[in-house]
Amino acid sequence: MADGDRKEERSGERSRTPAQSRRASRRERIAQARSQKAPPKSQGGERAPRSGIGQFVRECVAELRKVQWPTRPQLWQATGVVIIVCIVIGVYIAALDAVLFRASRWLIDQYAAH
């Protein structure tokens, strides 16, 4: 590349606004980062041959062994919380229903009397 070409490139860079420079340098950084990333595993190689139901069951069992199951006290505590929350919400909905029922009955009686 000749010195004249470099000067033209530099003069072209100077004519950019600061915002354009930031956008251009950001695009360059993004392009560079993308080129350095390894492709996802699903796109990088051969597909595994299909396996049968036995392989599926073995993988399910292996995954279930990784699960951290709750202890009996944790299970009772969580069950208690669910039951209490259900009761509280049920009482709230019943009270709201009773209030709205009385309000609607009153409105119907008011307008039916006219």
Separation of [Y] [atom2] from [X] [atom1] (nearest 0.5 Å):
| X | Y | atom1 | atom2 | answer |
| --- | --- | --- | --- | --- |
| Thr79 | Ile84 | OG1 | CD1 | 11.0 Å |
| Asp97 | Arg102 | CG | CZ | 10.5 Å |
| Leu107 | Leu100 | CG | CG | 10.5 Å |
| Trp106 | Tyr111 | CH2 | OH | 7.5 Å |

Is the CD atom of Gln77 crowded by more than 12 outside heavy atoms at less than 6.0 Å?
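Open: at most 12 neighbouring heavy atoms sit under 6.0 Å from CD of Gln77.
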With clusters defined by side-chain heavy atoms of hydrophobic residues (ILVMFWY) lying less than 4.5 Å apart, directly or transitively, does [Y] cluster with [X]?
| X | Y | value |
| --- | --- | --- |
| Val67 | Leu75 | no |
| Val82 | Trp76 | no |
| Leu64 | Val61 | no |
| Ile89 | Leu96 | yes |

Please enumerate all residues that pass side chain to side chain donor-acceptor pair (under 3.5 Å) together with Gln68, with sequence neighbours excluded.
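Scan of Gln68 (side chain to side chain donor-acceptor pair (under 3.5 Å), adjacent residues dropped) gives none.
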